[in-house]
Novice: 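Just dropping this structure here.
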Amino acid sequence: MADQETKKIEIEAYLYSRKAPTDQQKKRLQNFLEDQYHKSVEIIWKEDANAGNGFRIEAGPSIPGSKWSPDKIYDWSAAGKSRQLKEQIKQAMRGRGDVMSLIQQTLADFEPVPLAEEVGAVLTVGDGIATVSGLEKAEYGEVVVFACGIKGMILDLKETEIGCIIFGDESEIVEGSMVCRTKKVAGIPVGEDFLGRVVDALGNPVDGKGPIKEADYYPIENPAPGIIDRQPVCEPMETGLLAIDSMFPIGRGQRELIIGDRQTGKTAIALDTILNQKGKETICIYVAIGQKASSVAQLAETLRRRDAMEYSIIINAPASDSATLQYIAPYAGCAMGEYFMHMGKDVLIVYDDLSKHAIAYRTLSLLLERSPGREAYPGDVFYLHSRLLERSAHLSDALGGGSMTALPIVETQAGDVSAYIPTNIISITDGQIFLESDLFHAGQRPAVNVGLSVSRVGGAAQTKAMKKATGAIRLDLAQYREMEVFMQFSSDLDDATKRQLRYGQGLMRLLCQEQYHPYAQHEQVILLVAALGHVFVDIPAPKIPECSRGLLAAVRDDLTDLCTKIDCTGQLSDEDRQTILDYARCFFKQTDKAQ
Ligand code: ATP
Ligand code: MG
């Protein structure tokens, strides 16, 4: 003791760190410095909140009467280490011209050193979620990198910790491991090379056809275009399905919901719409959320076989993927669509389906300990879909005039459209196509319920020819539905009513359409003109598909110019209408005679 008191302090060393060192640590540092200086050293601790997990020592001789200044600084703070690494690289660049060996050396010496205030530590990890402490300045939606290289995205900011969703195998992340900020929001690579490919929710190819060269990098969360940036929806986006194009036309830039129970042909409608875009310079994006991998593989194969894959992209987050990937998949698809929309192209995006997306988000929210609301969904589940669907737009000409049409799909339980998620999405979209199990099983496919379906864009999204041809089909069908109940008494009905019923039945039969056989515009116009002109009334309902096929083939041969005119100009004059009617009447008279 006496020895120590009399020992003269020759070196003073100031230790800056966030926490006070233990006696043992202090002793080790003292020994280290005494070895360096060969003099006695005194360590004085000063708190430095910015030192992060590291520390810094400033040491210098203590000369009585003169001002102390350090002559050596040992910087083991994260910032210091990265500075040192930069210095090393600079030195190496000066000394050597051999780039390869320089890179090898740099890689060999490289130790990832994040800046002090941007490093946190994992508190808990599990179920695709990690809670992290120490990232005080992190932002919502920012990407973070875990020590093992896996990325995550911040989805929850609390006072003392943050919640991240993990994009990858969480088993590699351990409690206490380091997490770094990137100061970037999550994004996805985009580009033309993605056409014809199947990718996962992060844009990585999953079809085994090698890497994809990206043209750009788009944030997955992007604000929707404002009012000035948009123009009204006025161009048709034909689905090729008579039941939809005639009564619930969809415009470019519109959001039309496809809603129905399981196995009612929801995906089939979206798929036919994609097939119908062939040769129309529309980019199609199909986002599969929480589906069976086998269904998606089958869909991709169908598109490939029908040469539709070359203008399509499939984003697949199957049921086996984590809720995290299922949650970001539609946003990633939307970002890809935006890339093409900003280039002035027309895009069709299908979200199949948003009920599973809501369920994935509910899983994440519950794991993030947000309070559950109705049906255990979090309070912001409306915003979840509104911010996604609002990104579909028809851009103004100043912005290139591109468009993104969205066909979100929602699955109902036992036809209940008043459940939480269906009502939410119905109120966001510009209309819905309601598919009914009963109709589907009765053979009415596509099983569109004409009474409950609606398109809020309406006639603005139809060509003049279609508008003229459709006439009062909705009204006729509504009348038929009302009279349908009298069908059971058909023997007691008068002839006029019987004829009216036959007419309605014929119309319903005409609206049935085989899968993968979308109609061209002129075909729809011809069928509608003929049907509304009561041409099909005397034909028994089961024969209508065959007769309509025959009529179309005959018209294509005999009235080729008219067909081309309708397809190219979208116009139908009164004379043209009369020509079609006369031709159809004549055609059926001849076939009747032939039989
Ligand atoms: P899920 O709820 O499983 O997603 P879904 O509502 O998407 O089902 P689809 O998979 O599109 O339904 O269709 C179910 C079945 O009905 C499929 O086998 C499909 O081939 C058949 N189908 C759909 N539309 C038609 C149609 N217009 N004509 C004949 N068959 C059809
Ligand atoms: Mg489906």
Side-chain angles (χ1 to χ4, degrees), residues 238-248 256-276 284-303 305-306 308 312 314-320 326 329-330 333 348-360 406-417 419 421-422 425 432-450 452-453 507-519 523-524 527 541-542 544-546 548-549:
E238 283 133 357
T239 61
L241 298 168
L242 191 59
I244 296 175
D245 287 349
S246 60
M247 289 177 284
F248 319 105
E256 181 84 3
L257 173 66
I258 301 172
I259 184 166
D261 279 5
R262 54 171 292 279
Q263 289 289 305
T264 47
K266 303 183 295 297
T267 308
I269 288 188
L271 185 56
D272 278 345
T273 311
I274 294 179
L275 293 177
N276 193 44
C284 300
I285 301 175
Y286 178 82
V287 187
I289 310 156
Q291 302 219 27
K292 285 179 292 199
S294 61
S295 326
V296 181
Q298 201 178 359
L299 184 131
E301 186 52 34
T302 309
L303 289 179
R305 250 187 289 125
R306 290 167 197 273
S312 307
I314 297 181
I315 295 170
N316 188 24
S320 56
Q326 293 183 31
L348 167 74
I349 184 161
V350 179
Y351 304 109
D352 195 359
D353 66 79
L354 289 188
S355 334
K356 298 209 180 71
H357 182 235
I359 290 171
L407 289 183
I409 295 179
V410 164
E411 188 183 299
T412 50
Q413 309 289 334
D416 181 14
V417 275
I421 301 299
I425 302 182
Q432 72 272 356
I433 292 163
F434 184 63
L435 304 178
E436 219 172 60
S437 273
D438 291 347
L439 286 175
F440 189 83
H441 296 308
Q444 178 72 33
R445 301 175 187 184
V448 180
N449 179 319
V450 181
L452 289 180
S453 303
L507 275 185
M508 289 301 279
R509 194 71 194 85
L510 195 74
L511 294 181
C512 290
Q513 198 169 334
E514 265 180 84
Q515 220 181 340
Y516 314 134
H517 285 92
Y519 285 133
E523 294 177 323
Q524 300 192 349
L527 288 180
I544 286 185
E546 191 193 323
S548 54
R549 266 199 304 273

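In what follows, residues are counted from 1 in the order of the sequence shown. Every number for a ligand or one of its atoms is a count from 1 in the order of the listing. Excluded from the calculations below are hydrogen atoms, water molecules and symmetry mates; all remaining heavy atoms, backbone and side chain alike, are included.
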Novice: For Tyr519, run the side chain to side chain contact (heavy atoms under 4.5 Å, CB included) check against Thr239, Asp245, Leu527 and tell me which one passes.
Specialist: Leu527
Novice: Write out the residue and atom name of the closest protein heavy atom to atom 26 (C) of ligand 1, then the distance separating them to 0.1 Å.
Specialist: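 Nearest protein contact, heavy atoms only, for atom 26 (C) of ligand 1 is Arg445 CB, 3.6 Å.
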Novice: Identify, for atom 3 (O) of ligand 1, the protein heavy atom at the shortest distance, and state residue, atom and that distance.
Specialist: Gln263 NE2, 2.8 Å
Novice: Going by the rule side chain to side chain donor-acceptor pair (under 3.5 Å), which residues pair with Ser453 if we only count those two or more places apart in sequence or in a different chain?
Specialist: none
Novice: With Leu354, which of Ile409, Ile421, Ile289 fulfils side chain to side chain contact (heavy atoms under 4.5 Å, CB included)?
Specialist: Ile289
Novice: With Tyr286 as reference, evaluate Asn316, Asp352, Leu348, Leu407 under the side chain to side chain contact (heavy atoms under 4.5 Å, CB included) test and give the passing residue.
Specialist: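 Of all the options given, the one that passes is Asp352.
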Novice: Please list the nearest protein heavy atom to atom 6 (O) of ligand 1 with its residue and the distance rounded to 0.1 Å.
Specialist: Lys266 NZ, 2.7 Å
Novice: Around atom CD of Gln298, are there more than 12 heavy atoms of other residues, nucleotides or ligands at under 6.0 Å?
Specialist: no
Novice: Once rounded to the nearest 0.5 Å, what's the spacing between atom CD of Gln263 and atom CD of Glu411?
Specialist: 9.0 Å
Novice: Looking at ligand 1, does any of its N/O atoms fall within less than 3.5 Å of an N/O of Phe440?
Specialist: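 N/O-N/O distance below 3.5 Å does not exist for this pair.
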Novice: Return a yes/no value: protein heavy atom under 4.0 Å from atom 16 (O) of ligand 1?
Specialist: yes
Novice: Taking 4.0 angstrom as the limit and counting only heavy atoms of Glu411, give me the atoms of ligand 1 inside it, by number and element.
Specialist: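 Those qualifying, in numeric order: 2 (O).
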Novice: Do Tyr516 and Arg306 have side-chain heavy atoms sitting under 4.5 Å apart?
Specialist: yes
Novice: Rounded at 0.5 Å granularity, tell me how far NZ in Lys266 sits from CD1 in Ile259.
Specialist: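 Nearest 0.5 Å value for the NZ-CD1 distance: 9.5 Å.
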Novice: Checking a contact table here: which protein heavy atom is nearest atom 19 (C) of ligand 1, and how many Å away?
Specialist: Gln515 OE1, 3.4 Å
Novice: Please work out whether any backbone atom (N, CA, C, O) or any side-chain heavy atom from C-beta onward of Gln513 is under 4.0 Å from ligand 1, and answer side chain, backbone, both or neither.
Specialist: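 Backbone only.
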Novice: Flag the pair Ile258 / Asp353 as yes when at least one side-chain heavy-atom distance between them is below 4.5 Å, and no otherwise.
Specialist: no
Novice: Quick one: look up the protein heavy atom nearest atom 7 (O) of ligand 1 and list residue, atom name and how far away it is.
Specialist: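 Nearest protein contact, heavy atoms only, for atom 7 (O) of ligand 1 is Thr267 OG1, 2.6 Å.
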Novice: Please list, in number order, the atoms of ligand 1 under 4.0 Å from a heavy atom of Arg262.
Specialist: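 Listed by number with element: 2 (O).
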Novice: Pairs in or reaching into residues 285-303: which pass salt bridge (charged side-chain N to carboxylate O under 4.0 Å, His left out), with residues at least two apart or in two chains?
Specialist: Glu301-Arg304, Glu301-Arg305
Novice: Among all protein non-hydrogen atoms, which one is nearest to atom 13 (O) of ligand 1, and what is the separation to 0.1 Å?
Specialist: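 Of every protein heavy atom, Gly265 CA, 3.6 Å lies nearest to atom 13 (O) of ligand 1.
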Novice: Report yes if some heavy atom in the side chain of His357 is under 4.5 Å from a heavy atom in the side chain of Val287; otherwise report no.
Specialist: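 With C-beta onward as the side chain, the pair stays apart.
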Novice: Suppose the cut-off is 2.8 Å; which protein N/O/S atoms would you list for the Mg ion (ligand 2)?
Specialist: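 Under 2.8 Å from the Mg ion (ligand 2) - ignoring waters, which are not counted - the protein N, O or S atoms are Thr267 OG1.
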Novice: Could you list the residues that satisfy salt bridge (charged side-chain N to carboxylate O under 4.0 Å, His left out) with Glu436, not counting sequence neighbours?
Specialist: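 With sequence neighbours excluded, Glu436 shows a salt bridge (charged side-chain N to carboxylate O under 4.0 Å, His left out) to no residue whatsoever.
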Novice: In ligand 1, which numbered atoms sit nearer than 4.0 Å to a non-hydrogen atom of Ala268?
Specialist: 11 (O), 23 (C), 24 (N)
